[in-house]
Amino acid sequence: MFENERKESEAFFNYFSDKFNEEVGLLLAFYDDDEFEIDLIVGMDTETIYGLNILQYVSSEEGDEEFGNQDEENSDYVKGDDEEDDIDEEDDSDEDEENDFIEEIQYMFVKMEISPSNLEGKPYFQIDLAETSKEQEEKQSAEDDDNVNSLPQLEENALRLIIYAKPLNGFEDEDITDLPGEKIRLTGAVMIKGNDKESLVVFSEDPSIG
């Protein structure tokens, strides 16, 4: 029953273990809001972030047509002309809300040995990732030893993730940061620890993935 799902899962984990010579795990919903859910693909031993699985939620008009047709075809009851004439104008104002459907778009970006200049588009949004578990353990140990003042501030240690995107055709002249999700396409990401340029990592789509 779940044979296809199992094959996809095996192919996913095999790809990362072969590419980076390390077994990986998924840190699910590491970041989650109304527009994006981001899973981290992390090395089991080194805790290196090897990839990002991003689920984007965008408004979709296709859902309106699909569900509208489905309701009309499958319904045992169809409104007549007289009944439509009796509909209050207030009902029309609720129509847009009822026809709001959300489409899920999935991206997988992989750690690549490339420059940020190789990414298409521009920075779209930015988030700060929490400390890794090892850093949390070191911080706790330092607190126990009363050495907190010797540690860098969280802002300096934080992993910063910058998601890149490009506008879809017809919206190239608009400021990309003002465009809603349905008018852009994600192209990759850059991760950097604080202001340490040597820590910079670029994630992009891997053409070798089928």
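Below, each value reflects all heavy atoms present in this structure, side chains not excepted, and no hydrogens, waters or symmetry copies. Quick caveat, the model's predicted, so the values are computed rather than measured.
- Listed by first and then second residue, the side-chain hydrogen bond (donor to acceptor under 3.5 Å, both in side chains) pairs involving residues 183-192 are Arg185-Glu205 (not counting sequence neighbours).
- Ring planes of Phe36 and Tyr124: perpendicular class, angle over 60° (limits at 30 and 60°).
- The minimum heavy-atom distance linking Gly25 with Phe13 is given by the pair CA-CE2, 4.4 Å.
- Between Ala165 and Ile184, the closest heavy-atom pair is CB-CD1, 4.0 Å.
- Interatomic distance, NZ of Lys111 versus CZ of Phe203, reported as 7.0 Å (0.5 Å rounding).
- Remark: side-chain polar atoms of Thr46 are not paired, donor with acceptor, to backbone N or O of Gly43 under 3.5 angstrom.
- When every heavy atom of Leu168 is checked against every heavy atom of Glu182, the shortest pair comes out as CD1-O, 3.4 Å.
- Note that CD1 of Ile105 and CD1 of Ile54 are 12.0 Å apart. Values are rounded to the nearest 0.5 Å.
- For the atom pair CD1 of Ile49 and CZ of Phe30, the computed distance is 7.0 Å after rounding to the nearest 0.5 Å.
- Under a hydrophobic clustering in which Ile, Leu, Val, Met, Phe, Trp and Tyr are joined whenever their side-chain heavy atoms come within less than 4.5 Å, directly or via other members, Met44 and Phe16 fall into different clusters.
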Would Tyr31 and Leu40 count as a side-chain contact (heavy atoms from CB on, under 4.5 Å) if you check the C-alpha gap in whole Å, the side-chain angles of each, and the deciding distance to 0.1 Å? CA-CA 9 Å; Tyr31 177 84; Leu40 301 184; over 6 Å; no

side-chain contact (heavy atoms from CB on, under 4.5 Å) assessment of Leu52 paired with Met191: CA-CA 11 Å; Leu52 310 169; Met191 187 174 66; 5.9 Å; no

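- Annotation: side chain of Leu161 is not in contact with side chain of Ile192 (no heavy-atom distance under 4.5 Å).
- Val24 has its side chain out of reach of Ser17: every pair of non-hydrogen atoms, C-beta onward, lies at least 4.5 Å apart.
- Once rounded to the nearest 0.5 Å, the distance linking CD of Glu3 with CD of Glu8 reads 11.0 Å.
- Partners of Glu10 according to the salt bridge (charged side-chain N to carboxylate O under 4.0 Å, His left out) rule, which considers only residues two or more places apart in sequence or in another chain, are Arg6.
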Under the side chain to side chain donor-acceptor pair (under 3.5 Å) rule, what do Glu103 and Ser59 come out as? Steps first, then yes or no, please. CA-CA 6 Å; Glu103 178 184 358; Ser59 299; over 6 Å; no

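- Sorted by first and then second residue, the ring-ring contact (aromatic ring centres under 6.0 Å, His included) pairs involving residues 165-193 (not counting sequence neighbours) form an empty list.
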Could you walk me through whether Thr48 and Val201 pass the side-chain contact (heavy atoms from CB on, under 4.5 Å) check? CA-CA 11 Å; Thr48 301; Val201 179; over 6 Å; no

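- Contact check for Leu26 versus Phe12: side-chain heavy atoms found under the 4.5 Å cut-off.
- Surrounding CG of Asp34 are at most 12 heavy atoms belonging to other residues, nucleotides or ligands under 6.0 Å away.
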Taking distance alone, no hydrogens or angles, what donor-acceptor pairs closer than 3.5 Å link side-chain atoms of residues 115-122 to residues at least two apart or in another chain?
{"from": "Ser115", "atom 1": "OG", "to": "Ser117", "atom 2": "N", "distance (Å)": "3.2"}
{"from": "Ser115", "atom 1": "OG", "to": "Ser117", "atom 2": "OG", "distance (Å)": "3.0"}
{"from": "Asn118", "atom 1": "OD1", "to": "Ser115", "atom 2": "N", "distance (Å)": "3.1"}
{"from": "Glu120", "atom 1": "OE1", "to": "Lys166", "atom 2": "NZ", "distance (Å)": "3.1"}

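- Between Ile41 and Val110, the closest side-chain pair of non-hydrogen atoms is not below 4.5 Å.
- Here the straight-line distance linking atom CG of Asn14 with atom CD of Glu23 works out to 8.0 Å at 0.5 Å rounding.
- With sequence neighbours left out, Tyr15 forms a ring-ring contact (aromatic ring centres under 6.0 Å, His included) with no residue at all.
- The 12-atom threshold is exceeded at CD of Gln126, counting heavy atoms of other residues, nucleotides or ligands nearer than 6.0 Å.
- Rounding to the nearest 0.5 Å gives a distance of 12.5 Å between OG of Ser9 and CG of Asn4.
- Taking 4.5 Å as the limit, every side-chain heavy atom of Glu174 sits out of range of all side-chain heavy atoms of Ile176.
- For Tyr50 and Phe20, the ring centers are positioned less than 6.0 Å apart.
- In this structure, the side chains of Tyr107 and Gln56 come closer than 4.5 Å at one or more pairs of heavy atoms.
- Under the side-chain hydrogen bond (donor to acceptor under 3.5 Å, both in side chains) criterion, Asp39 pairs with Asn53, sequence neighbours left out.
- Between Met112 and Val202, every side-chain heavy-atom pair lies at or beyond the 4.5 Å cut-off.
- Under the 4.5 Å side-chain criterion, counting only non-hydrogen atoms from C-beta, Val190 is in contact with Leu200.
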